[in-house]
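Below you'll find the structure, written out as structure tokens, and then a few comments.
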Amino acid sequence: MSNVFVSKHPILKQKISELRRASNTPRQVRELTDTIGRLLMYEATLTLPLAATTQEQSPVGSYEGQKIAIRQALVPILRSGLSLLNAASDLLHDAEIRHLGLFREESTLQPVEYYNKLPRQCNVDECIVLDPMIATGGTAEAAIEILQGWGVPKIKFVAVCVSRQGIEMLAKKFPEVEFYVAVVDEVLDKRGFVVPGIGDCGDRLNNTA
């Protein structure tokens, strides 16, 4: 899986261990997810191209300014993807924000699209999709296909916890997409839950379990 990048950061590994804890409050889940998102976004943006801007002046001399050379959009998958949005937008404050609403139907485990407000014409060079969890991979697959149909040239996907089954399916089906993840868990149970996983992230974030 050459297009899957699993973080080796020791602080991130500690935060994942803390996030798994069933006794966490919604506030703790939000804070931990945000911190993990910041570490993942650092890795997802390491290879962004730069362009020179103008000559600027520091307190002691002149220098050539730099900026990110491509147009980007952050695409949180509603609702739990919003937990990663602050971390992403703090780093990429010029990026546009586009929302996709997808949920997994409980009996079939198939994705259902309920919200899509992408502009008619694609106006960015890269989309970074934000979703804390990849289980079966169906929701991520649907989101990627929607964005490819929109015409975006480059897609990155940032996820906190993924199942091996789900991420292997996605990496094989979309070799052109880069996946940045914090942890890969081996077990996907019959209900479509990752084990040990991080639980239903949307419910844990919003106290709706």
Side-chain angles (χ1 to χ4, degrees), residues 3-4 19 26 29-30 33-34 36-37 40-41 44 72-89 95-124 126-174 176-185 188-194 197-209:
N3 56 332
V4 177
L19 179 62
V29 173
R30 287 192 296 270
T33 305
D34 181 80
I36 292 166
L40 288 174
M41 282 300 301
Q72 294 170 296
L74 303 172
V75 187
I77 305 300
L78 302 176
R79 62 184 167 163
S80 58
L82 293 173
S83 64
L84 298 169
L85 183 57
N86 283 346
S89 60
E96 297 185 3
I97 298 174
R98 305 295 179 197
H99 299 88
L100 288 177
L102 294 159
F103 71 89
R104 188 174 67 173
E105 206 283 321
E106 291 186 4
S107 61
T108 65
L109 303 183
Q110 295 302 307
V112 177
E113 179 184 338
Y114 66 91
Y115 185 85
N116 181 343
K117 284 292 185 180
L118 295 173
R120 184 170 299 177
Q121 294 292 121
C122 179
N123 57 352
V124 296
E126 176 180 277
C127 284
I128 300 180
V129 185
L130 308 171
D131 197 0
M133 176 64 73
I134 293 175
T136 64
T139 298
E141 178 183 13
I144 292 168
E145 288 176 343
I146 289 168
L147 293 173
Q148 288 181 335
W150 187 42
V152 66
K154 176 73 175 179
I155 298 172
K156 294 178 180 177
F157 203 109
V158 171
V160 173
C161 179
V162 306
S163 74
R164 182 165 299 280
Q165 176 182 323
I167 196 65
E168 286 182 349
M169 179 275 288
L170 291 168
K172 182 177 181 180
K173 183 166 184 177
F174 303 107
E176 70 283 4
V177 176
E178 295 175 4
F179 298 88
Y180 295 85
V181 306
V183 64
V184 179
D185 283 346
L188 184 68
D189 70 15
K190 293 180 179 180
R191 300 176 301 160
F193 283 98
V194 183
I198 55 175
D200 187 314
C201 205
D203 283 343
R204 296 185 75 203
L205 287 161
N206 299 285
N207 198 26
T208 54

Within 6.0 angstrom of Gln165 CD, more than 12 heavy atoms from elsewhere: no
Going through the checks in order, is the side-chain hydrogen bond (donor to acceptor under 3.5 Å, both in side chains) test met by Thr208 and Arg79? CA-CA 12 Å; Thr208 54; Arg79 62 184 167 163; 3.1 Å; yes
Within this structure, what is the CG-CG distance for the pair Asp200 and Leu205, rounded to the nearest 0.5 Å? 9.0 Å
Rounded to the nearest 0.5 Å, how far does OG of Ser89 lie from CE of Met41? 9.0 Å
On a heavy-atom basis, which atom in Ala135 and which in Ser163 lie closest, and how many Å separate them? O-OG, 2.5 Å
Could you grab the distance from atom SG of Cys201 to atom CG of Leu19, nearest 0.5 Å is fine? 6.5 Å
If you count heavy atoms of other groups shown closer than 6.0 angstrom to CD of Glu176, is the number above 12? yes
Leu84 and Thr33: CA distance, side-chain angles, deciding distance, side chain to side chain contact (heavy atoms under 4.5 Å, CB included) verdict: CA-CA 7 Å; Leu84 298 169; Thr33 305; 3.7 Å; yes
Can you check whether Val162 reaches Val194 side chain to side chain, under 4.5 Å on heavy atoms? no
Pro111 and Gly138 have their tightest heavy-atom pair at CG-O, 3.5 Å
d(Lys172 NZ, Asn3 CG) to nearest 0.5 Å is 12.5 Å
In Å, rounded to the nearest 0.5 Å, how long is the span from CG of Leu147 to CD of Glu126? 11.5 Å
Do the side chains of Val75 and Leu118 get nearer than 4.5 Å, heavy atoms only? no
So do His99 and Ile97 actually touch side chain to side chain, heavy atoms under 4.5 Å? yes
Given side chain to side chain contact (heavy atoms under 4.5 Å, CB included), test Asn123 with Trp150 step by step and report yes or no. CA-CA 10 Å; Asn123 57 352; Trp150 187 42; 3.8 Å; yes
Between Ser80 and Asp131, is the side chain to side chain contact (heavy atoms under 4.5 Å, CB included) condition met? List the steps. CA-CA 6 Å; Ser80 58; Asp131 197 0; 3.4 Å; yes
In the structure I gave you, are the side-chain heavy atoms of Arg98 and Val124 within less than 4.5 Å of one another anywhere? no
Would you call Tyr114 and Leu78 a side-chain contact if the rule is heavy atoms closer than 4.5 Å? yes
Looking only at heavy atoms, what is the nearest atom pair of Gly192 and Thr136, with distance? CA-CG2, 4.5 Å
Is any side-chain heavy atom of Phe179 closer than 4.5 Å to a side-chain heavy atom of Ile155? no
As a quick check of understanding, evaluate side chain to side chain contact (heavy atoms under 4.5 Å, CB included) for Glu145 and Phe174, giving each step before the final call. CA-CA 9 Å; Glu145 288 176 343; Phe174 303 107; 3.9 Å; yes
Side-chain touch Leu170/Val177, heavy atoms, less than 4.5 angstrom: no
Checking Val129, Val158, Ile128 against Leu74 for side chain to side chain contact (heavy atoms under 4.5 Å, CB included), the one that qualifies is Ile128
Taking the side chain as every heavy atom from C-beta outward, state whether Ile198 and Asp185 have any pair of such atoms under 4.5 Å apart. no
Is a side-chain donor or acceptor of Lys156 paired with a backbone partner of Ala44 at a separation under 3.5 angstrom? yes
Drop me the distance from Ile77's CD1 to Glu113's CD, to the nearest 0.5 angstrom. 9.5 Å
